[in-house]
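What follows is one structure encoded as structure tokens, with my remarks underneath.
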Amino acid sequence: MKKIVHKSAGPIYAAAVVWVLYALLFPLHKLIHFLGVLAASAVAYFVARIFCKDVVEEVPEEPEKPVSTGNEALDKMVAEGKMAISEMKRLNESIQDETISGQIDRLEEISGKIFQQVQAEPAKLPQIRKFMNYYLPTTLKLLNAYDRMGEQGVSGENISGTMERVENMMGTIVTAFEKQLDSLFGAEAMDISTDITVLENMMAREGLVEDAVHRAVQQPVVEEPGEESGGIQLEL
């Protein structure tokens with residue numbers, strides 16, 4: 001539900017009545033008269049604010065209309081991604097453990113970047129199919145179980161043991177999410193590496209840069225005094 005606050009008009013009316021009454025009963029020929037009525041109307045306004053409360057109206061929020069990209073699979077990913085992040089926010093507010101809360105923050109951040117990257121490049125959608133179909137929903141399932149068990153207020157073999165296993169698993173899950181994001185940049189990283197290699201070779205061939213190999217090839221050999229190239233020195 002969305003709350004709409006309607007400000008009461010009572011204080012404004014009260015201040016206006018003071019101006020009207022003052023004008024009828026007293027002259028308004030000098031600055032002192034205007035200052036007096038201004039002060040009186042201000043007092044009336046603030047007194048009326050005490051008694052005239054604002055009206056708060058609750059109205060149902062309109063559901064957000066999904067934006068269609070024309071790609072059914074991509075639209076489904078965007079919708080499921082928004083639901084997943086919304087669920088992470090809810091769980092984060094409910095779970096009180098600071099370590100788990102920090103890890104959920106990280107999962108939310110990485111997940112958002114994954115969805116943004118795929119939305120920008122829909123060709124990468126197949127790369128996150130397993131992430132969307134298994135890793136993400138299973139992670140939410142584990143966190144929901146952790147949240148429900150934590151609310152029981154009971155320390156037992158099943159509850160405590162399960163919660164501990166979830167806590168131990170969260171670090172691995174965060175790492176897996178980070179690697180999923182990193183994998184989306186694999187092709188781009190390879191292209192950039194190739195471009196860098198080609199650029200370096202072209203610049204070296206044009207003599208625009210010198211690396212260790214080219215310097216060694218171009219540097220002349222300097223013979224030390226008393227040495228003859230390719231021979232053995234004889235003492236006379």
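Positions are given from 1, in the same order as the sequence printed here.
- A donor-acceptor distance shorter than 3.5 angstrom exists from the side chain of Asn144 to the backbone of Leu140, with no hydrogens or angles considered.
- Partners of Ser111 under the side-chain hydrogen bond (donor to acceptor under 3.5 Å, both in side chains) rule, at least two apart in sequence or in another chain, do not exist in this structure.
- Val20 and Tyr45 are assigned to two separate hydrophobic clusters, defined by single-linkage of ILVMFWY side chains at heavy-atom distances under 4.5 Å.
- Taking Phe131 as the reference, Phe177 meet the ring-ring contact (aromatic ring centres under 6.0 Å, His included) condition, with sequence neighbours excluded.
- Ser193 places no side-chain N or O within 3.5 Å of a backbone atom of Ala189 that could act as its donor or acceptor partner.
- In this structure, the side-chain contact (heavy atoms from CB on, under 4.5 Å) partners of Lys89, at least two apart in sequence or on a different chain, are Ile85, Glu108.
- Thr162 pairs by the side-chain hydrogen bond (donor to acceptor under 3.5 Å, both in side chains) definition with nothing, not counting sequence neighbours.
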Next item on the list: Give the C-alpha distance, both sets of side-chain angles, the deciding distance and a yes or no for side chain to side chain contact (heavy atoms under 4.5 Å, CB included) between Ser41 and Leu38.
Entry: CA-CA 5 Å; Ser41 63; Leu38 183 63; 4.3 Å; yes
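- Note: the hydrophobic cluster containing Tyr146 also contains Val154 (ILVMFWY, side chain heavy atoms under 4.5 Å, direct or indirect links).
- Atom-to-atom distance recorded for Ile95:CD1 and Arg148:CZ is 10.5 Å, nearest 0.5 angstrom.
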Output side-chain donor-acceptor pairs under 3.5 Å for residues 97-104, partner residues at least two apart or in another chain, one line each.
unit_1	atom_1	unit_2	atom_2	d
Asp97	OD1	Thr99	N	3.0
Asp97	OD1	Ile100	N	2.8
Ser101	OG	Asn92	OD1	2.5

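- Between Ser160 and Ser155, the closest heavy-atom pair is OG-CA, 3.5 Å.
- With hydrogens and angles ignored, the 3.5 Å screen pairs a side-chain donor or acceptor of Thr139 with a backbone N or O of Tyr135.
- The pair Arg90-Glu87 counts as a salt bridge, with a side-chain nitrogen and a carboxylate oxygen less than 4.0 angstrom apart.
- Residues passing the side-chain contact (heavy atoms from CB on, under 4.5 Å) test with Ala73, sequence neighbours excluded: Asn71, Leu125.
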Next item on the list: Any chance you could lay out the side chain to side chain contact (heavy atoms under 4.5 Å, CB included) test for Leu184 and Ile128, step after step, and finish with the verdict?
Entry: CA-CA 9 Å; Leu184 295 177; Ile128 66 167; 3.8 Å; yes
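- Within the structure, every pair that satisfies the salt bridge (Lys or Arg N to Asp or Glu O under 4.0 Å) test and touches residues 111-136, not counting sequence neighbours, is listed here: Glu109-Lys113, Glu121-Lys124.
- Within the model, atoms CD of Gln117 and CZ of Phe185 stand 3.5 Å from one another, a figure rounded to the nearest 0.5 Å.
- Neither Met132 nor Met83 shares a network with the other; the hydrophobic side chains, linked directly or stepwise wherever heavy atoms of I, L, V, M, F, W or Y lie under 4.5 Å apart, form separate groups for each.
- For Met203, the side-chain contact (heavy atoms from CB on, under 4.5 Å) partners at least two apart in sequence or on another chain are Leu199, Leu208, Val209.
- Criterion: ILVMFWY side-chain heavy atoms under 4.5 Å apart, direct or through other members. Under it, Ile12 and Ile50 are not part of a common hydrophobic cluster.
- Connectivity analysis of hydrophobic side chains (ILVMFWY, heavy atoms under 4.5 Å, direct or indirect) links Ile192 to Ile196.
- Counting only residues at least two apart or in different chains, salt bridge (Lys or Arg N to Asp or Glu O under 4.0 Å) contacts with residues 179-196 are absent.
- Counting only residues at least two apart or in different chains, salt bridge (Lys or Arg N to Asp or Glu O under 4.0 Å) contacts with residues 165-178 comprise Arg106-Glu178.
- The heavy-atom pair separating Gln127 from Ser183 by the smallest distance is OE1-O, 3.5 Å.
- Taken from CG in Asp147 to CE in Met163, the straight-line distance is 8.5 Å, to the nearest 0.5 Å.
- Taking the side-chain contact (heavy atoms from CB on, under 4.5 Å) definition, one finds that Pro137 meets it with nothing, sequence neighbours left out.
- Residues Pro122 and Met77 have side chains not in contact (no heavy-atom distance under 4.5 Å, counting atoms from C-beta outward).
- Counting only heavy atoms from C-beta outward, the side chains of Ile173 and Met170 approach each other to under 4.5 Å.
- Linking ILVMFWY side-chain heavy atoms closer than 4.5 Å, directly or via other members, places Met190 and Leu181 in two distinct hydrophobic clusters.
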